[in-house]
Amino acid sequence: MSMTNHPKAYGSAAVAIAFVAGILATLGFKDFYPDLERRYQRRRGQPYNPADSRPGSTYLAAAPLSLEDHSKSARNSRSSLPAPPIPEGIEGCIGNTPLFKIRSLSEATGCLILAKAEFLNGAGNSPKDRVALNMIKMAEEEGLLTPGQGDTIYEGTVGSTGISLATLARAKGYKAYICMPNDQSTEKSDLLTHLGATVERVTPAPITSTEHFVNLARTRAKEHTNSSGTSSKGFFADQFESGANYKAHLQTTGPEIWQQTGGHVDAFVAGAGTGGTISGVALYLKQNMGMSNELKVVLADPEGSGLYNKVKNGVMFSNTEREGTRRRQQVDTIVEGIGLNRLTENFEAGRELIDDAVKVTDIQAFKMARWLVEKDGIFVGSSSAVNCVAAVATALQMPKGSRVVTILCDSGTRHLSKFWKKVGEAGLEEGHDQDDLIELLSLK
């Protein structure tokens, strides 16, 4: 039967023949291309360079390819660049935290409000990293701690210092034992446990009681050292009274603020938990850098703390201490980490350099924390919110364009079960159209 009687077979054969012809034509042109190129270049009067033409058939001789290694020269050029220092361990990630403008607060006050992002310290994510590291260094220099021998660091803390100590203790070859009030956020005690610290949560008690969390930590350290069952030592860090606290900020935080502002800072605002931050920075800026007549240092103080009255009136007193009004055995506020009803050595170190104080209520702190999330995307804890309220109040009393520096101590992630829970209960996490910060905070 002929192919004409089968159109499909005829079509398939034609396609196959055309495909083969196409391949042969391509190969022929590939071999013929160099000759065409030579003729074209001769016609234009250009010398022919075989290296410039595309390679011919695999069966024809072609000039060998020359490959150059540029990676070595690139490596050499990189090695000539100055390499930044590589931090040594997690302790090398402490300090040099950014200083940035809080846009919404600056726009609301007409001043430049700058925040030192201390929650970006690399160990415990708070300014207590500086303190903890300095306390350990000084203890080692004095022979009170020896790494790798089972020595334990004891501390009484509401959380942040304990977290920094627990982190650095492991990094430097020690154990950590933390005593803290049982009314602090559970995030802190859970984190301490995960960091390998022993945590003892105790009922809040007056500082005069042996059961106060600070006094209990001191007792535990003595018991450890005096134990006949071990040759290791127990070291009581004593953040409230140790000079290593304010000196850490005198030696690092103050100089960083000076450098980052170019020496142009009109006010420094901070709360006082132990007093180390505000004293250390004030000492550096006012004494070391001679800014005593240019810089205004302002204490940010929460409800129930006596430090506000000490600065304003010279008397350590809080209204919540009056008979019939005291509801708790400690500073009467939801704010954690700042506020005291006693004077510490660290606060006393710089107290004479503090020019003013701002009292911040819990509701103002709640509103500020929510405002910072809404307007700036900044999620902070309670003490940072208090600092920001006081920074705004301070800016309103200063000439337009003044520079006000404050501290963002820690992230709001450590305050979810307490402070931020209260923010939600106050109805502040629901959508609102409030755009007047001064009215929101009830500031004049």
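Quick caveat: nothing in here was measured; it's all calculated off a predicted structure.
For R342, the CZ atom sits in a packed shell: over 12 heavy atoms of surrounding residues, nucleotides or ligands are nearer than 6.0 Å. By the 6.0 Å contact criterion, CD on Q259 is open, its count of non-hydrogen atoms from other residues, nucleotides or ligands being 12 or less. Counting non-hydrogen atoms of neighbouring residues, nucleotides and ligands closer than 6.0 angstrom, the CD atom of E425 exceeds 12 such neighbours.
Across S106 and I113, no two heavy atoms sit closer than the pair OG-N, 3.0 Å. Listed here is the closest heavy atom pair of N346 and Y246: OD1-N, 3.0 Å. Taking every heavy atom of both residues into account, L192 and A166 meet most closely at CD2-CB, 4.0 Å. Across G306 and N341, no two heavy atoms sit closer than the pair N-OD1, 2.9 Å. Here the shortest heavy-atom pairing between V358 and A393 reads CG1-CB, 4.0 Å. Heavy atoms only, all atoms of each residue included: H415 and G381 are closest at CD2-CA, 3.4 Å.
Put simply, the side chain of T225 never gets that close to the backbone of K222: no donor and acceptor are under 3.5 Å apart. In this structure, N309 contributes its side chain and M316 its backbone to no donor-acceptor pair below 3.5 Å. Remark: side-chain polar atoms of S164 are not paired, donor with acceptor, to backbone N or O of A132 under 3.5 angstrom. Remark: the backbone N or O of T361 is paired with a side-chain donor or acceptor of Q364 at under 3.5 angstrom. A donor-acceptor contact shorter than 3.5 Å is absent between the side chain of D356 and the backbone of V298. For the pair S411 (side chain) and V380 (backbone), a donor-acceptor distance under 3.5 Å is absent. Between the side chain of T161 and the backbone N or O of T157 there is no donor-acceptor pair closer than 3.5 Å. Panel note: side chain S305, backbone P302; no donor-acceptor pair is recorded below 3.5 Å. Remark: side-chain polar atoms of D129 are paired, donor with acceptor, to backbone N or O of G124 under 3.5 angstrom. Side-chain atoms of Q239 do not come within 3.5 Å of backbone N or O of E155 as any donor-acceptor pair.
Considering only heavy atoms from C-beta on, L105 comes within 4.5 Å of L372 through its side chain. Within the 4.5 Å cutoff, the side chain of I338 has no heavy atoms near those of the D301 side chain. Inter-residue side-chain proximity for R130 and T253 is flagged as met; some heavy-atom pair is nearer than 4.5 Å. Here the side chains of E374 and L428 are not in contact, with every heavy-atom distance at 4.5 Å or above. The shortest distance between side-chain heavy atoms of V404 and L114 does not fall below 4.5 Å. Contact annotation: the side chain of L307 approaches that of L299 to within less than 4.5 Å [non-hydrogen atoms, C-beta and beyond]. Residues F213 and Q184 fail the side-chain proximity criterion, which asks for heavy atoms closer than 4.5 Å. Put simply, the side chain of T210 does not reach to within 4.5 Å of the side chain of L216, judged on heavy atoms.
Rounded to the nearest 0.5 angstrom, Q397 CD and C111 SG are separated by 10.0 Å. The distance from atom CG of D410 to atom CD of E336, rounded to the nearest 0.5 Å, is 9.0 Å. Here the straight-line distance linking atom CD1 of I102 with atom CD1 of I378 works out to 4.5 Å at 0.5 Å rounding. The structure places CG of L353 at 8.5 Å from OG of S292, a figure rounded to the nearest 0.5 Å. With rounding to the nearest 0.5 angstrom, the CE atom of M135 is 8.0 Å from the NZ atom of K128. Taking CD1 of I407 as the reference point, atom OG of S126 lies at 11.0 Å (rounded to 0.5 Å).
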Original post:
Could you walk me through whether K359 and E303 pass the salt bridge (charged side-chain N to carboxylate O under 4.0 Å, His left out) check?
Top reply: CA-CA 7 Å; K359 176 72 71 178; E303 291 180 304; over 6 Å; no

Original post:
Can you list the steps and then say if V297 with I278 is a side-chain contact (heavy atoms from CB on, under 4.5 Å)?
Top reply: CA-CA 8 Å; V297 177; I278 195 168; 3.8 Å; yes

**OP:** Using the side-chain contact (heavy atoms from CB on, under 4.5 Å) rule, take C409 and N387 through it: C-alpha gap first, then chi angles, then the decisive distance, then the call.
**Re:** CA-CA 9 Å; C409 309; N387 285 347; 3.7 Å; yes

**OP:** In sequence, state the C-alpha distance, the side-chain angles, and the governing distance for Y177 and I153, and then conclude on side-chain contact (heavy atoms from CB on, under 4.5 Å).
**Re:** CA-CA 6 Å; Y177 190 109; I153 302 170; over 6 Å; no

Subject >> Residues T109, M398; criterion side-chain contact (heavy atoms from CB on, under 4.5 Å); working and verdict >> reply: CA-CA 9 Å; T109 60; M398 302 188 71; over 6 Å; no

Subject >> Full working for salt bridge (charged side-chain N to carboxylate O under 4.0 Å, His left out) between K422 and D362 >> reply: CA-CA 10 Å; K422 291 292 185 180; D362 285 351; over 6 Å; no

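Checking R414 against S185 by side-chain atom types alone, no donor-acceptor pair falls below 3.5 Å. Looking only at atom types and distance, the side chain of T277 has a donor-acceptor partner in the side chain of H249 under 3.5 Å away. One side chain, T274 or N245, offers a donor N or O that lies under 3.5 Å from an acceptor on the other. T97 and E118 are linked by a side-chain donor-acceptor pair at a separation below 3.5 angstrom, with hydrogens and angles left out of the test. Y174 and E140 share a side-chain donor-acceptor pair at under 3.5 Å. Looking only at atom types and distance, the side chain of K296 has no donor-acceptor partner in the side chain of T394 under 3.5 Å away. Under 3.5 Å, the side chains of N125 and N121 contain no donor-acceptor pair of N or O atoms. Checking Q149 against S232 by side-chain atom types alone, no donor-acceptor pair falls below 3.5 Å. One side chain, Q260 or K116, offers a donor N or O that lies under 3.5 Å from an acceptor on the other. Inspection of the S417 and E187 side chains reveals an N or O donor paired with an N or O acceptor under 3.5 Å. With 3.5 Å as the limit, one finds no donor-acceptor pair spanning the side chains of T230 and H224.
Salt-bridge formation is not detected for the pair D183/R201: no Lys NZ or Arg NE/NH1/NH2 atom is positioned less than 4.0 Å from an Asp or Glu carboxylate oxygen.
Of the listed residues (I354, N293, L295), just one forms a side-chain contact (heavy atoms from CB on, under 4.5 Å) with K286, and that residue is L295.
Not less than 6.0 angstrom separates the ring centroid of Y154 from the ring centroid of F236.
Seen from the ring of F268, R403 does not count as a face-on cation partner, given the 6.0 Å and 45° thresholds.
Take F419 and apply the ring pair (Phe, Tyr, Trp, His ring centres under 6.0 Å) test, not counting sequence neighbours, and it matches F366.
Under the salt bridge (Lys or Arg N to Asp or Glu O under 4.0 Å) criterion, no residue pair touches residues 376-398, with sequence neighbours excluded.
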